[in-house]
Amino acid sequence: MLNNGMNYNRAAITANPGSKESRRARSIKKPVNTTVKTLRSMYGGRPDTIFFQYPEYCGEVRDEAGTTEFSQQAFKKLGYSLTFKVTGSTHIYNSIVNSMKMAGFQMVTGSNWNMLWTGIPRPDTIKNACKFQKINHYPSTMQIGRKDNMWRNIFRMKRKHGKDYDICPKTYIFPEDHKRFKMDREGEKKSVLYILKPAALSCGRGIRIIGKNSNVRRRKGYVASKYIHKPHLINGFKYDLRIYVLVTSFDPLRVYMYDEGLVRFATEKYSTKKSALKKRFVHLTNYSVNKKASDYKRNDMNDDNEDSNSKWNFTMLKKYYKKMGIPVKEVFSGIKDVIIKSLISIEPHIANNYNRYSKHKNTCFEVYGFDVIIDSSLKAWILEVNVCPSFSSSSYLDKKVKTMMLCDAFHCVGFMPFDRKKLDKEEEEQAKNRLLGFDKNKEASKTKSVARLDGEIKDFKNQVENLSKADITMLMEYDEELSRKGHYEAIFPKQSNIKAYEKFFECQRYNNVLLWSYIKHGKSVNLGKYLNH
């Protein structure tokens with residue numbers, strides 16, 4: 001019997017230490033921090049959130065100003081318990097377990113959790129979550145997580161907005177586009193190359209490079225994309241970027257990009273000669289492929305100067321760019337642009353379904369793994385988006401980047417401790433009041449029409465009194481996230497880019513318009529003054 005009351009087949013665990021059951025047992029048995037720290041909100045009267053300190057091996061300490069420390073025993077006496085669950089539909093990663101346990105969360109298997117880390121959640125899982133519980137995926141997230149769906153959404157935007165959405169290589173979805181693919185390929189130059197991929201697989205499985213005369217079957221579940229045959233090279237090697245993107249809300253859309261990511265190299269020098277097309281170590285940058293190469297070099301040391309490693313972080317990449325006279329700011333501006341546009345392309349699917357399933361505004365969050373390539377002209381292109389990126393650590397570099405990134409994501413999202421028994425009583429009382437026609441939480445509709453008058457609230461200071469408590473709370477949550485974002489950069493919305501991107505949204509949602517108006521015209525307003533107005 002382990003410490004959470006679960007029974008395990010010890011003989012099976014001993015016989016197969018690499019099994020999922022064994023990994024789960026070891027993760028549950030890992031010690032939990034004996035103390036819990038909470039972080040005060042920047043707004044008086046708003047709830048505290050759980051403070052996520054980095055594990056010691058990260059080599060960095062987060063500033064603890066504004067925190068209050070409790071022993072686990074004292075925390076439980078207040079009626080609080082911190083728990084997280086990792087379901088069987090996903091992997092158990094040390095970077096997640098270590099981050100949560102460092103903050104004082106116990107790993108459990110039941111339904112009483114603060115965070116659920118899972119594969120794609122069912123609608124009823126989202127619907128049944130209470131307002132303090134958080135889930136690591138949005139509904140309909142596979143609209144960007146499958147290569148065919150991602151292209152459908154980007155191509156829909158490309159038809160409407162033209163070159164503004166030239167952010168992903170032209171793609172053909174089989175079998176429906178097979179005939180068009182053959183016709184288009186006939187009109188291409190002899191040197192044209194395509195990359196054939198399964199629409200729903202990862203880790204380089206099933207991928208091959210094909211030329212103009214290659215035989216391509218009409219296979220369901222595959223896509224063929226124009227190959228970026230002139231990528232930017234470093235020391236003669238092809239590379240791509242794994243970029244971690246946190247979305248804390250789709251309504252309104254709030255996007256953060258982590259300042260460190262991974263640069264993944266192929267292990268053989270790049271060539272488009274016919275003899276090299278079948279060489280996976282030349283054309284594929286996936287770690288799962290290149291780790292098998294004899295020339296693969298792990299980054300095991302805490303050293304940002306190992307130029308010959310097969311994996312870098314962004315610090316090393318930017319240092320190289322500066323050394324070669326490559327404009328770092330411009331390259332990364334292009335990367336942020338394709339990320340924002342791709343997320344706007346799926347915003348209708350996710351926002352609509354989220355609002356249909358969830359009773360609360362902040363149930364879901366998501367950490368995406370964007371794979372981006374830079375071509376020889378330094379333009380960024382999206383290759384694919386991983387909704388379940390690997391958080392395993394094959395080296396010290398991986399371990400540090402991924403653990404700190406997840407710690408910052410959990411810190412930014414803002415887990416609020418809650419008393420489950422007290423919450424159940426409150427929800428029961430509210431349900432009873434609704435049945436009797438006395439809903440204490442029902443506010444007079446002061447005005448959901450304020451922001452719809454001319455597209456934005458320009459006179460924000462004078463209009464703020466007309467906003468509802470829910471409106472004020474949403475704006476406060478945005479400010480609180482910014483104060484907790486750690487090494488994440490808020491890339492949308494920003495005062496400097498709202499105008500550039502608002503035209504790409506298919507509809508002007510109230511919450512987007514309200515947040516954009518606040519950012520542009522209302523940052524000088526003291527929101528705390530109006531919370532209980």
Side-chain angles (χ1 to χ4, degrees), residues 138 144 150 153-154 156-158 160-168 241 243-261 314 318 327-351 365-368 370 372 374 378-382 385 408-409 412 451-452 454-458 460 474-525:
Y138 289 96
I144 201 169
M150 183 183 80
N153 285 303
I154 289 176
R156 183 188 79 252
M157 301 295 279
K158 188 174 173 62
K160 185 174 181 180
H161 300 288
K163 288 185 178 181
D164 281 335
Y165 260 81
D166 198 12
I167 63 174
C168 177
L241 310 179
I243 299 162
Y244 296 106
V245 175
L246 170 65
V247 179
T248 58
S249 171
F250 269 94
D251 182 16
L253 183 61
R254 299 197 297 262
V255 186
Y256 300 83
M257 188 177 99
Y258 200 61
D259 69 357
E260 277 290 18
F314 285 179
K318 290 174 181 178
V328 175
K329 187 175 180 180
E330 286 81 349
V331 172
F332 276 82
S333 291
I335 291 169
K336 293 168 192 173
D337 179 64
V338 299
I339 288 170
I340 295 166
K341 285 176 178 173
S342 65
L343 289 168
I344 292 174
S345 79
I346 62 165
E347 184 263 357
H349 298 286
I350 293 186
F365 69 97
E366 190 138 7
V367 177
Y368 293 100
F370 275 74
V372 171
I374 308 299
L378 303 179
K379 174 177 169 54
W381 298 86
I382 288 181
V385 180
D408 279 350
C412 180
R452 294 194 181 101
D454 62 355
E456 66 179 59
I457 309 173
K458 292 181 179 178
F460 198 94
M474 184 270 285
L475 298 177
M476 285 181 165
E477 287 168 348
Y478 163 75
D479 283 339
E480 289 168 340
E481 277 184 6
L482 291 181
S483 74
R484 297 190 302 255
K485 64 186 176 59
H487 292 282
Y488 277 97
E489 178 189 353
I491 63 172
F492 186 82
K494 296 169 65 175
Q495 188 168 9
S496 60
N497 67 11
I498 291 170
K499 187 174 182 180
Y501 291 107
E502 63 182 345
K503 63 185 176 185
F504 299 125
F505 285 78
E506 289 194 356
C507 66
Q508 294 300 317
R509 298 181 193 277
Y510 175 79
N511 286 323
N512 277 329
V513 175
L514 176 59
L515 180 58
W516 299 347
S517 299
Y518 173 62
I519 291 170
K520 289 193 285 186
H521 307 297
K523 291 295 284 182
S524 62
V525 173

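Residues take their numbers from the sequence shown, with the count starting at 1. Just so it is clear, the structure is predicted and the values come from calculations on it, not from any experiment.
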Practice problem: Give me the ring orientation class for Y501 and F504: parallel if the planes are under 30° apart, tilted from 30 to 60°, perpendicular past 60°. | Solution: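 Taking F504 first and then Y501, their aromatic rings sit tilted (interplane angle of 30° to 60°).
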Exercise. Could you tell me how the ring of Y518 sits relative to the ring of F460: parallel (under 30°), tilted (30 to 60°) or perpendicular (over 60°)?
Key: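 Tilted: the ring planes of Y518 and F460 meet at 30° to 60°.
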Would you check if [X] and [Y] make a side-chain contact, meaning some heavy-atom pair closer than 4.5 Å?
X: N511; Y: M474; result: yes
X: E502; Y: V513; result: no
X: L343; Y: V247; result: yes
X: K503; Y: D164; result: yes
X: F250; Y: N512; result: no

Quiz item: So E506 and K160, salt bridge (charged side-chain N to carboxylate O under 4.0 Å, His left out) or not? Walk me through it.
Solution: CA-CA 10 Å; E506 289 194 356; K160 185 174 181 180; 5.8 Å; no
Looking only at heavy atoms, which two atoms of [X] and [Y] are closest? And how far apart?
X: L246; Y: A409; answer: CD2-CA, 4.0 Å
X: L378; Y: I374; answer: CA-CG2, 3.5 Å
X: M257; Y: F332; answer: CE-CD2, 4.1 Å
X: R156; Y: S345; answer: NH2-O, 2.7 Å
X: F370; Y: S342; answer: CE2-OG, 3.2 Å
X: V338; Y: A380; answer: CG1-O, 3.7 Å

Exercise. Step by step, work out the side chain to side chain contact (heavy atoms under 4.5 Å, CB included) result for E366 and T248.
Key: CA-CA 7 Å; E366 190 138 7; T248 58; over 6 Å; no
Exercise. Find out whether the Lys NZ or Arg CZ of K520 is both under 6.0 angstrom from the six-membered ring centre of W516 and within 45° of the ring's axis.
Key: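 Judged by the rule (NZ or CZ under 6.0 Å from the ring centre, within 45° of its axis), K520 is not positioned above W516.
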Does [X] pair with [Y] as a salt bridge, N-O distance under 4.0 Å?
X: D408; Y: K485; value: no
X: K318; Y: E260; value: no
X: K523; Y: D479; value: yes
X: E489; Y: K336; value: yes

Quiz item: What do you reckon, are the aromatic ring centroids of F314 and Y258 less than 6.0 Å apart?
Solution: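 Ring centroids of F314 and Y258 are no less than 6.0 Å from each other.
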